[in-house]
Amino acid sequence: MAEAFIYDHVRTPRGRGKSDGALHEVSSLGLATTVLRAIKDRGDLDTALVDDVILGCVDPVGEAGGDIARAAALTADYGDHVPGVQINRFCASGLDAVNFAAAQVMAGQHELTIGGGVESMSRVGLGASGGAWPVDPAIAIKSYFMPQGVSADLIATKYGFSRDDVDAYAVLSQQRAAAAWSKGYFTQSLAPVRDVNGVTLLDRDEHMRPSTDMQSLAALKPAFAMMGEQGGFDAVAIDAHPDIERVVHVHHAGNSSGIVDGAGAVLVGSAEAGRSIEKKPRAKIRAFANIGSEPAMMLTGPVDVTKKVLARAGMNIGDIDLFEVNEAFASVVLRYLQAFDLDVEKLNVNGGAIAMGHPLGATGAMLLGTALDELERSGKTTALITLCIGAGMGTATIIERV
Amino acid sequence: MNLINFRFELDADGIALLTWDMAGRSMNVITPQVIDELEQVIDHVGAEAAITGCVITSGKQTFSGGADLSMLGAAAADYQTARQEKGEEEAARLFFESARRLSLVYRKLETCGKPFAAAINGVCLGGAFELALACHYRVVADDDKARVGLPEIKVGLFPGAGGTQRVARLMHTGDALQMLFKGEQIRPKAAKTMNLVHDVAPLGEIVGKAKAWIAAGGKGVAPWDENTFKLPSGKVFSPAGMMVWPAANAIYRRETHDNYPAAKAILHAVYEGLQLPMDLALRVEARWFAKILRSPEAAAMIRTLFVSMGELNKGARRPAHVSPAAIKRVGILGAGFMGAGIAYVTAGAGMEGVLIDRDQASADKGKAFCDQLISSQVLKGRAKGADKEALLGRIKTSADYNDLAGAELVIEAVFEDRTVKAEATRKARAAIGPDAIFASNTSTLPIGSLAEADSAPENFIGVHFFSPVEKMLLVEVILGAKTGDRALATALDYVRAIKKTPIVVNDARGFFANRCVGNYIREGHLMLLEGAPPAMIENIAKMAGMPVGPLALNDEVGLDLALKILEATKQDLGGAAIDLNQERLLKGLVVEHGRLGRKNGKGFYDYPSQGAKSLWPGLAALQPTKCDPDAIDIAEFKHRFLVVQALEAARAIEEGVVTDPREADVGSIIGFGFAPFTGGVLSYIDGMGAANFVVLCDRLRQTYGERFSPPQILIDMAKAHETFYGRFLDEARRVA
Ligand SMILES: CC(C)(COP(=O)(O)OP(=O)(O)OC[C@H]1O[C@@H](n2cnc3c(N)ncnc32)[C@H](O)[C@@H]1OP(=O)(O)O)[C@@H](O)C(=O)NCCC(=O)NCCS
């Protein structure tokens, strides 16, 4: 089997996902074009060699619908010959896009493919694409559908994370993100978003609140309590996990992933392709895996998929130097740390989505890039990137510097 | 037209009046013949140019109660025959075709081109209200007794003749689902507010109003058949739909724990139907209807909650040779919570209640409680001020037993103590004379032994109410060895008068209901001792279909009472008759920790003065071990809860305490909420099959102990492939 290498990656900054966010005026296509163009321009990439563009997008409707990947390949001037495909595995779509790209290369069918993702949550809106899962009784009832936030609260209740625990983690995320930004760790891979005249619209992550502390978070009301009680979802949680007397709602705007706009892209190719584009591979994609997990808790998939991918790679948890676990909600990360008895110093060391936001379809690609940059900066070798996913799934990728 | 069930008249203006009036029945019901005749009328009205439109009304006091549910059993049997003869798929297809016949006829009415108007003169439920919904105009009589509604869900069915589709096109989806889930009977004005009917008018004017609507050019086209029609909540896949559907699915689970396929079918039919044009939507509804009609849950619920309950309410167990007792005056001894409740329901049924206690003040306290109850009814608009006056006027309070004179029936609800009861019995008997009936509301003491205090033991009987009396529908009527037929007939007539459902049981410790309940609670205690998280015990019990968890239920009853009963059993029958671990647990709670239950705010739960109860954290310390919740087999816990109760019912049948399976089933559902979707304690066993049940019991016995050991009767039934209904029902009917 051929090996798949990472040659480059970029991401946009993440704009606050509201109408006053700096990227609200930029279309989904504009965001996707920004990262594709950056990959092309900064590395002088000969796009004649690109076989495919795979982009994750979770709400691919309206401006983001109808295969935005092909549209972006054209607007980024990759040439008529570069096709594109849009995929959706909810929150992990961006990482899955990279994995799919790697799979094409490993299978020996493509030489050079871009995997990435895009989401303009401010323009398209979370849930805009609908779908059977929450709505159709055939699947909603069977899968114990709950809004993600209620599942996150269920995880906190079930595994004993108090409000203080989740808030403390949120503060850590903010502090780490602020520190990483101030030290310029993100700059090299950031593609600022500019207007048609080349004027910068955004060149930093807009969602961050570096001054966050326990006190400021304590003032926030649980965001999912009313939904859980009045919408009947707490009862669903209890039917799925009857050991719980009541769901303790601990998540709120300050310890949940931020709603933001952004895009990311990763250039993946064979060893041969690297020679053709005259680039040195930065890392190898060692293994990846997908899994379905208990759908009611929904967001514990990272634990299950980590076990699976480690087994596939013949590795132990101790072989991983660095973990990126998407901070969809604080309890997701705390459960991950608890399940593997991990040192928090190895995980999300430069902050995560609680501080910087989670542009759904793009995040996976961004996290992979963040992990690679940090491996290089700190001189470490192996990183594992994983995200929790709606409806109970997990995706994970192990990368190894070469 | 050849009409037997309807009268068809045409007036000078060309407006037809179709009066539904079935011979030999007090109420119209939908039968295959009714459906055929209705179709003839529709064809006729549609075809005759001289007919402008048609008003449908009823010749009875009520409009109609809907489909004849007893006919559904026959349909299921037809399906089984077809399955044998024609195979699975063909049988299913035929069944679907027959299940949608009514729906197709209604649709024909709706689309025949002529306007149809329903003049609803009284109660109009189920399939009959679906007929009205298919009409283009509905006017309902402004009458106190008139109600409309779709109560199918209460017997495990759902409205399958267009009800789900038309209701969901008349009101917002959330409201429609709620109406279909609740199955409530709706008063005329509320029905208008809900957009279910167009108008409310005095009874004498409804036919005129309906005719006038047609005469004024009322259109024979349903709103949803117009091009301009918009769904009240917009499309399913819309922001509004997103507000409704995820919560509707969740609330379904909250309310049913996914045990009621009919409720789920409502969700399916509405969700799928709202995305289709009407004809297809009706077809999809009918597919679900055909599926639900064949479900074991519907069969079990129809049998127990409709057929058997109706039979028991009509006096299935009443000795026919005794002429009806005209009860006008009832004495109630003891004005506590129970006695006062009995006085309340007695007076509520128009009888006079004489409420006696030690002193006048205690008796008055009982009446004050009745005042509270009726006042809250008035406040809720369920009774009028005058009703309250009349009801309270019928309750006399006194400390003098001589005031009982003239009572046809006396019910004793004094302290559960033999001496106290004996004295009350003697004093009452002296006042009422030998012919009046004396009933004891004891819950624990054998009736035969209490009757020894009575000089007329043939007129002594047990009448066991459940708490709270004004809410609980079951009454256990207990026969002592010497109880005579007149006592039984009087007790049953009384229970009927107060609109409760009686079951007749023979004299034994705990009678019937409390034996099952006791087992249920004990199972909860034992699970706690096994180390299951307390919340898990409570939640799984509810998931199994019980209304209240065993620990919460024990708190309601009182932990001290549970301990008392246990100690009494131990004293009477020896230590082997009780579970010593359970005794230790209860002693620890009651004696060491002073936790008596809800009454002192401390039981298995803590009861804060404000807010919801929560499980007492100290329970953890009473558990000798703890088990991993994720390793607990939920299905096994569910089985244990239902099996311990069903086993006790089987034992009660074996011992002859209960003789009629209908009574065990009805009693178990309305008495202690035994998982209604099973059809009751014995239907639960019959549904599984005695052989399977015995295998399950044996497995549980090996793991959890002898309390799961099946009685001989079950082993025999398993061998002979018998059911409780097959073995006992005919015999019960013959004796009665
Ligand atoms: C939790 C959630 C509902 C909050 O959304 P929101 O209410 O729009 O969030 P906002 O950004 O407006 O913040 C709400 C409040 O919290 C405050 N806040 C947010 N972060 C804060 C912080 N770190 N410190 C202090 N205050 C903070 C805001 O200032 C705002 O206060 P205000 O109401 O006084 O203006 C939303 O972030 C969410 O759903 N996140 C999860 C997304 C998701 O499900 N992704 C998929 C994962 S699988």
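Residue numbering restarts at 1 for every chain, and letters A, B, ... go by the order of the sequence lines.
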Trainee: Considering only heavy atoms, which portion of B:Ile634 lies under 4.5 Å from any heavy atom of chain A: side chain, backbone, both, or neither?
Mentor: side chain

Trainee: Taking the six-membered ring for Trp, are A:Tyr159 and A:Phe161 parallel (under 30°), tilted (30 to 60°) or perpendicular (over 60°)?
Mentor: tilted

Trainee: Using the six-membered ring wherever Trp is involved, compare the ring planes of B:His268 and B:Trp288 and label them parallel, tilted or perpendicular (cut-offs 30° and 60°).
Mentor: parallel

Trainee: Is B:Ser614 in contact with chain A via its backbone, its side chain, both, or neither, using a 4.5 Å heavy-atom distance?
Mentor: both

Trainee: For each of A:Ala140, A:Gly131, A:Gly130, tally heavy-atom pairs with chain B at distances under 4.5 Å, and name the one with the top tally.
Mentor: A:Gly131

Trainee: Go through the atoms of B:Val244 and report whether side chain, backbone, both or neither lie under 4.5 Å from a heavy atom of chain A.
Mentor: neither

Trainee: Using non-hydrogen atoms and a 4.5 Å limit, figure out which bit of A:Asp136 sits close to chain B: side chain, backbone, both or neither.
Mentor: both

Trainee: Please classify the contact between A:Ile244 and chain B as side chain, backbone, both or neither, with a heavy-atom cut-off of under 4.5 Å.
Mentor: backbone

Trainee: Are B:His525 and B:Phe604 close enough that their ring centres sit under 6.0 Å apart?
Mentor: yes

Trainee: Take B:Tyr605 and B:Trp616 through the ring pair (Phe, Tyr, Trp, His ring centres under 6.0 Å) test and state the conclusion after the steps.
Mentor: CA-CA 5 Å; B:Tyr605 288 80; B:Trp616 179 46; over 10 Å; no

Trainee: Could you check whether A:Arg16 pairs with A:Asp20 (Lys NZ or Arg NE/NH1/NH2 to Asp/Glu carboxylate O, under 4.0 Å)?
Mentor: yes

Trainee: Any donor-acceptor pair under 3.5 Å linking the side-chain atoms of B:Glu530 with those of B:Tyr704?
Mentor: no

Trainee: If you tally heavy-atom pairs under 4.5 Å against chain A, which of B:Pro246, B:Ala532, B:Gly241, B:Pro533 wins?
Mentor: B:Pro246

